Protein chains: 2
Amino acid sequence: MVSIVDVAKAAGVSNKTVSRVVNGEPNVKPATKERVQGVIRDLGYVPNMAARLVRSSRSLTLGIVTDFISTTPYSGDIVRGIQEWAEENGRTVLLANTNGDRDKEREIWRTFQSHRIGGALYVSMYHREISPSLGDVATPTVLVNCHPEPANGYPSIEPNDYQGSHDLTRYVLERGHRRIGYIRLNPKLLGAELRLSAFREAVREAGLSDSDVDIRLGMEGPIGSETNRVYSQAQDLLTGSNPPTALMCGNDEIAFQAYLAALGAGLRIPEDISIVGFDDFQTVSLALKPELTTAALPYYALGYRGADRLMRVIEGEKLREDHLVLECPVVARGSCK
Amino acid sequence: MVSIVDVAKAAGVSNKTVSRVVNGEPNVKPATKERVQGVIRDLGYVPNMAARLVRSSRSLTLGIVTDFISTTPYSGDIVRGIQEWAEENGRTVLLANTNGDRDKEREIWRTFQSHRIGGALYVSMYHREISPSLGDVATPTVLVNCHPEPANGYPSIEPNDYQGSHDLTRYVLERGHRRIGYIRLNPKLLGAELRLSAFREAVREAGLSDSDVDIRLGMEGPIGSETNRVYSQAQDLLTGSNPPTALMCGNDEIAFQAYLAALGAGLRIPEDISIVGFDDFQTVSLALKPELTTAALPYYALGYRGADRLMRVIEGEKLREDHLVLECPVVARGSCK
DNA sequence: GGGCAAAATGACAACGTTGACATTTTTGTT
DNA sequence: AACAAAAATGTCAACGTTGTCATTTTGCCC
């Protein structure tokens, strides 16, 4: 492969002069610069990032550690946000997946360390509190879609599930609904609990009594292999003697099954029953007819801004706040009357 | 950071001896080996892959180029297959996304070249014929979920849409259906055309006449911003004077909307109408009630076996065949009577 | 005990860059 | 024309590994 030495010889200058041209350093005579650039083009020289790293210890590579990809494959959006930031900022991305395995994770951190990456984003596929297994690896790290256990000081960026659910509940209440069903996500999910808490708080603030709300558990068991009772709970809710006029779902996939239950029971959405979701998983929310009213998890922004935060950490900047929380805006579509 | 020189000094041996221990080379006295390993542990030494690459020109890094992630985010599964192979084979993965932009793609290949990666997988998010923009980059490359234009000699691995659709159609026919609707994917998709061709061939083989099949166009326009007519076409098909008894859909997302149309029309699945999809996008196929009968695209296997093929190409092995095609098995669930 | 071969270990330079500093050339001012 | 400063370019060693070959040590056989 063509090296800087080859270019220097062909251009009649020193290696250092070629390096200056490649790196855009100042004080290179324009004629020399053009001659060197011509040779680079002719010989097809591409700098060796490994050699550069060995000499300067400056890495332009970031690592992404993902835990596992759940059945709602949002990792695409978080990872895409990171990638787009990386591309805009001249960074390359190493990707590794732990599949939730601690030993694998430790191995991944070691591999990243052996690549001397500049920093890493630890991306959780669902909102939770974690403790990454960096061991004594000192890679600058930002947690995405999760936050650290109290003993750990990693900066993080996560969604505001509580605010989103609270706003969405108020949206439903403001439309006049007074009998509301709620099908909850697996309680093991932090986001699930936040969303439910916000729902409870909002209906309490609106003066609804316990008999006005009907909360059902839709998913339970170990994450990744949950028991799904959504469909049957939705059927039960909708065909009761005093059914709700609005059904709030822990996420869009739950809403999806609620739709099937409603339609199967001959109900019209939103005439007979309003249904709302959470997360704005567009594969579902836009495919449903009518389109789903929901609160949007800012996945892309979590990735993009998480990467930006990592850059600041790598550069030694003191972050204004360690834990950033991004809002989940209500997206009003046709499913809520 | 701790280097091999530090370890050598602390262990009282030469750099080369430490290198022998780290790399598991033979002819190292057991006592020496243990002493060196102890020092490595104590000092927390992690080899520098960059230095290793500079000296030996042997890379353990693979690149993944993805074009863009469509609204059915299967990239997770293809990429996961690649990642799992990489992890099992001690490889690290660089990931870059072109978003379908030729200039971005050229830049990605250059970046990969600057990292001196061993090889790359070019992953298309939908089945198609392509010509990657490697320029004169000579990186060993395998195409995944696509095949090369005739002028290009890249090995590839892709799904057998025709076989899957043919088998699925026969499955439907074998269940006695004789009036069959078909809602097709965007004709711009190679997979869409293959699936439709197979459907036509299978119904012709079964002796059905043109009046027995009703083919509708569900999606059209530029990929990524298609016009979606699935729901209305499904409604039209299902509420006609002589509706089909089975509805075949170009993919699972089309099946999803077909379900909504059927349920909205008061039809029971599969009693009143059988519905089948294609690709086994489990976010949809398992969430539908009853669960969807479909043909499964082998995304994970495309990734995993694509990576394995790349390894053989990198190692200079002559592949038995340049273009591998993986079957799409029928997955019989409850939606087809 | 000596000699020879195998095992174990070390020396050295090389890979491709770049930081630090030196040297040469050019330009401007007196 | 001379001198000083700025611009341009070059020299050299260093980063952290490993391939190649040399040297030393050990073990076995006669």
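Excluded from the calculations below are hydrogen atoms, water molecules and symmetry mates; all remaining heavy atoms, backbone and side chain alike, are included. Model, not experiment: these values are computed from the prediction. Proteins come first, then strands; the chains are lettered A, B, ... in the order of their sequence lines, and each starts at number 1.
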For atom [atom1] of [X] and atom [atom2] of [N], their distance in whole Å:
| X | N | atom1 | atom2 | result |
| --- | --- | --- | --- | --- |
| Asn23(A) | dT17(C) | CG | C1' | 9 Å |
| Ile4(A) | dG16(C) | CD1 | C1' | 8 Å |
| Arg55(B) | dC15(C) | CZ | P | 7 Å |
| Lys9(B) | dG16(D) | NZ | C1' | 13 Å |
| Leu53(A) | dT17(D) | CG | C1' | 12 Å |

For this session: May I ask you to verify if any side-chain N or O of Arg58(A) is less than 4.0 angstrom from the OP1 or OP2 atom of dG19(C)?
Result: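 Yes, such a contact exists.
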For this session: Determine whether Asn99(A) and Asp67(A) make a side-chain contact, defined as any pair of heavy atoms from C-beta on separated by less than 4.5 Å.
Result: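 In short, these two side chains do not touch, never coming nearer than 4.5 Å.
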Exercise. Does the side chain of Gln113(A) reach to within under 4.5 Å of the side chain of Met1(B), using non-hydrogen atoms?
Worked result: yes
Exercise. Relative to the ring of Trp109(A), is the ring of Phe112(A) parallel (under 30°), tilted (30 to 60°) or perpendicular (over 60°)?
Worked result: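 Phe112(A) and Trp109(A): perpendicular rings.
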Exercise. What's the verdict on side-chain contact (heavy atoms from CB on, under 4.5 Å) for His115(A) and Leu53(A), showing C-alpha distance, side-chain angles and the deciding distance?
Worked result: CA-CA 9 Å; His115(A) 284 265; Leu53(A) 177 56; over 6 Å; no
Problem set entry | Shortest non-hydrogen contact from Gly63(B) toward Ile117(B) | N-CD1, 3.7 Å
For this session: Might you point out which heavy atoms bring Ala11(A) and Arg35(A) nearest each other, and give the distance in Å?
Result: O-NE, 3.0 Å
Problem set entry | Strand contacts (DNA chain D) in residues 38-52 of chain B, 4.0 angstrom heavy-atom criterion |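 Heavy-atom contacts with DNA chain D come from Tyr45(B), Val46(B), Pro47(B), Asn48(B), Ala51(B), Arg52(B).
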Problem set entry | Of Val142(B), Leu143(B), Ile130(B), the residue whose pairing with Tyr154(B) passes side-chain contact (heavy atoms from CB on, under 4.5 Å) | Leu143(B)
For this session: For the residue pair Ser3(A) and Asp6(A), confirm or rule out a side-chain donor-acceptor distance under 3.5 Å.
Result: yes
Could you pull out the protein-nucleic contacts involving nucleotides 9-12 of chain D (nitrogen or oxygen on both sides, under 3.5 Å)?
from, atom 1, to, atom 2, distance (Å)
dT9(D), OP1, Thr32(A), OG1, 2.4
dT9(D), OP2, Lys29(A), N, 2.9
dT9(D), O4, Arg20(A), NH2, 3.4
dG10(D), OP2, Ser14(A), N, 2.8
dG10(D), OP2, Ser14(A), OG, 3.2
dG10(D), OP2, Thr17(A), OG1, 2.8
dG10(D), N7, Arg20(A), NH1, 3.2
dG10(D), O6, Arg20(A), NH2, 2.4

